[in-house]
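Side chains are part of it too, since the values below use all heavy atoms of this structure and drop only hydrogens, waters and symmetry mates. Please read all numbers here as calculations on a predicted model, not as lab measurements.
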Amino acid sequence: LRQKALMITTLVSVTLVTALFLVTRSVLLADYQALERRSAIEHVQRLSDSLNNVRGRLSATAADWAFWDASYDFMLDGNQAFIDENFEVISFINLGIDFVAFIRKSGETIYSWSGRHSDVQHQAVPDTALGQFTSPAFMEKLEAVSGEVTGITVVDGTPMIIAARP
């Protein structure tokens, strides 16, 4: 009789512990998954806000240069004096810009600069990057959207946030 009672007590205890484990696991797992989902959504929202902030700053900078009469004249004549007076590499570095190109509607590049935030030397813009922005398709898109293209593109496997103005 004792052995039977011990066996029943053990069986009931194991059953209760297993049930408690399963209930606790499902409740905690559901809560943890919801918490993880909320955290991921918040991280994605912060990233999106940050990218939109950078895109907006680049767009405003591009607009400043695009609406400047001296820039317009430079696009017509490509004069070296404009480059000497206005294209200080430190200005691009201070603005956080790694790539600048002045491109005519025909696709002809008037001026381009490429560098990293810590570089003070002028570097040639990779042909693959210029090709992407001098293509007829890009120029048509720029004209079709009434003067502004902003977004993210990939050049040579590297993502770039861009802002372009006619």
Side-chain angles (χ1 to χ4, degrees), residues 27-166:
V27 169
L28 289 178
L29 188 59
D31 287 347
Y32 183 74
Q33 286 174 334
L35 178 65
E36 201 171 74
R37 190 176 310 114
R38 278 193 305 270
S39 177
I41 289 169
E42 288 172 7
H43 288 328
V44 169
Q45 186 60 50
R46 274 196 300 271
L47 175 62
S48 177
D49 292 346
S50 178
L51 289 173
N52 284 334
N53 185 16
V54 171
R55 185 193 55 77
R57 277 195 344 259
L58 282 176
S59 180
T61 301
D64 286 346
W65 283 78
F67 296 123
W68 189 20
D69 290 341
S71 293
Y72 182 82
D73 293 340
F74 173 66
M75 290 301 292
L76 294 176
D77 61 23
N79 67 70
Q80 185 63 39
F82 182 80
I83 294 170
D84 296 340
E85 292 171 13
N86 299 293
F87 295 144
E88 292 289 327
V89 173
I90 195 70
S91 297
F92 297 135
I93 292 170
N94 289 340
L95 290 169
I97 295 173
D98 293 333
F99 166 57
V100 173
F102 280 74
I103 303 167
R104 290 189 174 138
K105 285 183 182 181
S106 65
E108 176 189 3
T109 302
I110 305 301
Y111 174 82
S112 66
W113 173 85
S114 175
R116 294 283 176 216
H117 298 309
S118 60
D119 295 339
V120 292
Q121 297 295 325
H122 172 86
Q123 298 175 11
V125 175
D127 288 338
T128 51
L130 283 177
Q132 192 166 342
F133 302 115
T134 59
S135 70
F138 185 81
M139 291 298 174
E140 287 172 17
K141 183 176 182 181
L142 189 58
E143 287 185 34
V145 295
S146 302
E148 179 183 25
V149 173
T150 63
I152 299 174
T153 189
V154 177
V155 176
D156 291 336
T158 303
M160 293 176 69
I161 301 172
I162 65 161
R165 298 275 185 145

For this session: Answer yes or no: is there a side-chain heavy-atom contact under 4.5 Å between W68 and N86?
Result: yes
Exercise. Hey, does the side chain of T61 reach the backbone of R57 with a donor-acceptor pair shorter than 3.5 angstrom?
Worked result: yes
Problem set entry | Which atom of E88 lies closest to which atom of D84, heavy atoms considered | OE2-O, 3.8 Å
Problem set entry | Spacing of CD belonging to E42 relative to CD belonging to Q45, to within rounding of 0.5 Å | 9.5 Å
For this session: State the CZ-CD1 distance between F87 and I83, to the nearest 0.5 angstrom.
Result: 6.0 Å
For this session: Considering non-hydrogen atoms only, spot the tightest contact between I152 and P159 and give its length.
Result: CG2-CB, 4.5 Å
Problem set entry | L58 CG to I97 CD1 distance, which is reported to the nearest 0.5 Å | 6.0 Å
Exercise. Mind checking whether W113 and F92 have ring centres under 6.0 Å apart?
Worked result: yes
Problem set entry | Distance in Å, S112 OG paired with I103 CD1, rounded so as to fall on 0.5 Å steps | 8.0 Å
Problem set entry | Heavy-atom closest pair, residues R104 and L76 | NH2-O, 3.1 Å
Seminar exercise, completed: CD of Q80 to CD of E85, rounded to nearest 0.5 Å, is 10.5 Å
For this session: Would you please test W65 and F102 for side-chain contact (heavy atoms from CB on, under 4.5 Å) and show each step?
Result: CA-CA 10 Å; W65 283 78; F102 280 74; 3.4 Å; yes
For this session: For residues Y72 and F67, establish whether the separation of their ring centroids is below 6.0 Å.
Result: no
Exercise. Hey, what do you get for CG (L51) to CD1 (I161), rounding to the nearest 0.5 Å?
Worked result: 5.0 Å
Exercise. Can you check side-chain contact (heavy atoms from CB on, under 4.5 Å) on F82 and D73, steps first, answer last?
Worked result: CA-CA 9 Å; F82 182 80; D73 293 340; over 6 Å; no
